[in-house]
Amino acid sequence: MIKMDKKLTAKIGPSILNADLSRLYEESQRLINNGADYLHLDVMDGHFVPNLTFGHPLVKCLRNKIKDTFFETHMMVSDPEKWIESMADSGVNQYTFHIEPVSDVPSICRKVKEAGMTVGVALKPGTPVDVVVDYVDLADMVLVMTVEPGFGGQKFMDTMLHKVQWLRKNFPTLDIEVDGGVGPNTIECCAKAGANMIVSGTAIIGAADQAKVIKSLRDSVNSVLHQS
Ligand code: DX5
Ligand code: ZN
């Protein structure tokens, strides 16, 4: 249930996908020191998407070194139900899964919550946005993918912004996340469309001054949030 008194805040969640993964802890801690609000951890199974990254054993090791930061796992996997318990056990705070391969989305949402995590539902570019009407009461966040999931460093798809606009119009207090090709050049249209949770990989990881980029992304979202 969406709480009407909930106040939307801007949150920046760097994706470490394109970082030097041999130095995952150092790279993650650097992002946190530079102002990241949360870490967006991209989990891939080589089946739902044509790429592989890492799973819960690595997330658990990272959690052992980073105690307090909010961890979101973006589950780009064919069977998201399978990893709920192990991700919860690894200290994940939010379990964001794609609805496309799932037949009973409400059941997965409930299981994620029972495991003690908040729940995000993610939409690939080809998935229409209005399908979330059936799940939005159960979800804490909706992720609108602005690239085809699987790889960092792709071009932002501005044709996805209408989904964000539609969600913001219909669900004024919902946390809406965008992911894929988001950075200083594309943040303004995301913020104006209504996104308040911003995933950004290459644009932050590759920046000479990460803190500056993170701050500018947050400022862009806040300037829209504070207009209304
Ligand atoms: C893509 C991942 C994204 C990606 C973002 O499948 O879900 O989180 O790492 O990276 P950029 O910002 O480089 O598109
Ligand atoms: Zn992601």
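First listed ligand is number 1; within each ligand, the first listed atom is number 1. Starting from 1, each residue takes its place in the sequence as its number.
- Distance from atom 2 (C) of ligand 1 to its nearest protein heavy atom, with residue and atom name: Asp42 OD1, 3.5 Å.
- The part of Ser200 lying near ligand 1 is the backbone, judged by heavy-atom distances below 4.0 Å.
- Under the 6.0 Å distance and 45° angle rule, Lys124 counts as a cation-pi partner of Phe48.
- Considering Gly153, Pro14, Gly150, Gly206 only, the shortest heavy-atom separation from atom 11 (P) of ligand 1 involves Gly153.
- Here the heavy atom of the protein found nearest to atom 3 (C) of ligand 1 is Asp179 OD1, 2.9 Å.
- Residue Thr202 touches ligand 1 through backbone and side chain together, judged by heavy-atom distances below 4.0 Å.
- When atom types are taken as modelled, the side chain of Asn196 and the backbone of Thr9 share a donor-acceptor pair closer than 3.5 angstrom.
- The nearest heavy-atom contact from the protein to atom 12 (O) of ligand 1 is Gly201 N, 2.8 Å.
- Lys113 places a side-chain N or O within donor-acceptor distance of the main-chain N or O of Leu138, the cut-off being under 3.5 Å.
- Contact atoms of ligand 1 toward Gly180: 14 (O) (distance under 4.0 Å to a heavy atom of the residue).
- In this structure, Gly150 and Asn51 approach most closely via the heavy-atom pair O-ND2, 2.8 Å.
- Nearest to the Zn ion (ligand 2), among the N, O or S atoms that Asp179 has, is OD2.
- Taking every non-hydrogen atom of His40 and a distance limit under 4.0 Å, the qualifying atoms of ligand 1 come out as 8 (O).
- Distance from atom 9 (O) of ligand 1 to its nearest protein heavy atom, with residue and atom name: Ser15 OG, 2.9 Å.
- Thr96 contributes no side-chain N or O that, together with a main-chain N or O of Val121, makes up a donor-acceptor pair within less than 3.5 Å.
- The ligand atoms of ligand 1 that sit less than 4.0 angstrom from a heavy atom of Met76 are 6 (O), 7 (O).
- The pair Arg30-Glu26 does not count as a salt bridge, with every side-chain nitrogen at least 4.0 angstrom from each carboxylate oxygen.
- Atoms of ligand 1 found under 4.0 Å from any heavy atom of Gly181 (numbered from 1 in listed order, with element): 11 (P), 12 (O), 14 (O).
- In this structure, OD1 of Asp42 and ND1 of His74 enclose an angle of 90° at the Zn ion (ligand 2), rounded to 10°.
- Qualifying side chain to side chain donor-acceptor pair (under 3.5 Å) partners for Asp37, counting only residues two or more places apart in sequence or in other chains: Arg218.
- Of the possible donor and acceptor atoms, one in the side chain of Asp45 sits under 3.5 Å from a partner among the backbone N and O of Ser78.
- In terms of modelled atom types and a separation under 3.5 Å, the side chain of Gln154 and the main chain of Phe151 share a donor-acceptor contact.
- Interface atoms of ligand 1 facing His74, defined by a heavy-atom separation under 4.0 Å, are 7 (O).
- Looking at residues two or more places apart in sequence or on another chain, you find no side chain to side chain donor-acceptor pair (under 3.5 Å) involving Ser103.
- Shortest contact from atom 1 (C) of ligand 1 to any protein heavy atom: Phe151 O, 3.5 Å.
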